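For reference, the structure discussed in these notes is given below.
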There are 2 protein chains.
Amino acid sequence: MKSTIAALKAIADGTRLRIVKLLLQYNYCVGALARRLDVTEAAISQHLKVLREAGLLVGEKRGHFMHYDVDRNALRALGAELEELAVIKREACKPEEEGCEQQRRGRCRAHEAGGECPEEVHFACHGPNADEKENGRNGHCECQESQKGIR
Amino acid sequence: MKSTIAALKAIADGTRLRIVKLLLQYNYCVGALARRLDVTEAAISQHLKVLREAGLLVGEKRGHFMHYDVDRNALRALGAELEELAVIKREACKPEEEGCEQQRRGRCRAHEAGGECPEEVHFACHGPNADEKENGRNGHCECQESQKGIR
DNA sequence: CCCTTGATTAAGTGATTACTTAATTACAGA
DNA sequence: TCTGTAATTAAGTAATCACTTAATCAAGGG
């Protein structure tokens with residue numbers, strides 16, 4: 001989760017994305033990357049550090065040259081994580097589990113049909129206010145796909 | 001390409017990733033997001049703008065509430081793009097196409113076997129220097145998987 | 001043991017970013 | 001039309017970031 005963000009941050013940079021793409025194809029050392037990308041070696045080294053610490057690269061010393069490889073599994077995993085987000089579905093309201101009040105939801109649907117939205121269901125959109133939060137309401141059941149059209 | 005980076009930058013932020021995850025599940029309006037995430041509405045609005053301009057969200061006005069939905073296709077496409085990177089293979093050297101000198105590569109392998117790396121193949125790792133670049137050498141063929149172990 | 005070269009680190013700079021508060025725009029109801 | 005509320009935008013600030021140059025570390029070859 002936190003490492004996901006670190007990895008996303010690491011690859012969400014033009015120069016670093018170019019580095020990753022180059023290293024996927026070629027086994028360049030640091031100096032070669034610098035020349036190919038027309039960036040100073042120091043800058044490349046700093047970018048490599050970011051990518052390495054994000055788990056996207058692994059380094060290997062050969063002679064006194066340093067070569068970096070992309071951790072393809074980490075890259076795949078990162079992509080998969082985003083794709084998996086995309087399949088999250090709007091949760092259906094389960095009032096019996098969540099302790100929500102069906103009456104209130106019913107009233108929301110009435111509003112959807114053109115009726116008026118009573119004051120008690122305002123948090124359908126806005127979530128619980130401070131008092132409601134203390135009363136354990138989480139405001140989530142009122143904002144489902146099933147009630148699309150409500151506020 | 002450029003939009004890829006924008007989308008990655010947009011989602012590579014803790015607060016914005018939380019927004020996306022919430023919006024995948026719930027149909028909150030801006031104020032509800034602000035309350036759920038304990039962030040000011042102004043801050044949320046600015047994050048929503050970033051996500052919207054990156055193509056990850058679409059907004060819809062209902063009454064005078066603003067609801068945002070995640071563009072799941074965009075999210076999927078972004079994840080797929082990262083996964084597709086991971087399958088890029090190290091390119092085999094094609095000297096006939098690239099104008100590289102096989103003799104030189106041969107000498108590199110000799111070095112791999114424990115021999116000495118002659119000065120002329122130094123760019124095997126480092127890419128072309130200024131003069132070589134003018135002579136059309138791209139320094140790429142010498143740095144392939146096939147020559148792993150060379151500098 | 002020095003000298004050269006590759007790579008990293010240190011320090012400093014300008015640009016960008018995430019946030020705050022305040023002002024503004026947009027909209028619905030009285 | 002006026003009022004109150006939702007949302008956005010403006011303006012300012014502290015922190016982070018990508019880059020630069022210079023110094024340092026590491027590793028061979030003479």
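For the numbers below, each heavy atom of this structure counts, side chains included, while hydrogens, waters and symmetry mates do not. All values derive from a computational prediction rather than experimental measurement. Every chain is numbered from 1, with letters handed out A, B, ... down the list of sequences.
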Trace of the side chain to side chain contact (heavy atoms under 4.5 Å, CB included) decision for B:Leu48 with B:Leu33: CA-CA 10 Å; B:Leu48 291 171; B:Leu33 284 169; 4.1 Å; yes
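Among all heavy-atom pairs drawn from A:Ala10 and A:Leu51, the shortest one is O-CD2, 3.9 Å. Minimum heavy-atom separation, A:Tyr68 to A:Val30: CE1-CG2, 4.0 Å.
C:dC19 atom P lies 14 Å from atom CG of B:Leu33, rounded to whole Å. Atom NZ in A:Lys61 sits roughly 4 Å away from atom P in D:dA27 (whole-Å rounding). Spacing between atom CG of A:Asp13 and atom C1' of D:dC17 amounts to 9 Å, rounded to whole angstrom units. Atom P of nucleotide C:dT17 and atom NZ of B:Lys9 are separated by 7 Å, given to the nearest angstrom. Atom CE of B:Met66 is separated from atom P of D:dT9 by 10 Å (rounded to the nearest Å). Spacing between atom CD of A:Glu41 and atom P of D:dA22 amounts to 16 Å, rounded to whole angstrom units. Whole-Å rounding puts the A:Tyr28 OH to C:dG6 P distance at 16 Å. When rounded to the nearest whole Å, the span between CD1 of A:Ile19 and C1' of D:dA18 equals 11 Å.
For the OP1/OP2 pair of C:dC19 and a distance below 4.0 Å, the side-chain nitrogens and oxygens of B:Thr15 include at least one atom meeting the criterion.
Distance NZ/A:Lys89 to CG/B:Leu24: 9.5 Å, rounded to 0.5 Å. Atom CG of A:Asp71 is separated from atom CG of A:Leu78 by 11.0 Å, given to the nearest 0.5 angstrom. Separating the CG atom in B:Leu22 from the CG atom in B:Asn27 is a distance of 11.5 Å, to the nearest 0.5 Å.
Of the candidates C:dT20, C:dA26, D:dA7, the closest approach to any side-chain atom of B:Thr40 belongs to C:dT20. In this structure, of D:dA27, D:dT20, C:dT8, it is D:dT20 that holds the atom nearest to the side chain of A:Val39.
Residues of residues 43-53 of chain B having a heavy atom closer than 4.0 Å to DNA chain D, listed by number: B:Ser45, B:Gln46, B:Lys49.
Test A:Arg52, A:Arg18, A:Arg16 against A:His47 for side-chain hydrogen bond (donor to acceptor under 3.5 Å, both in side chains) and you get one pass: A:Arg16.
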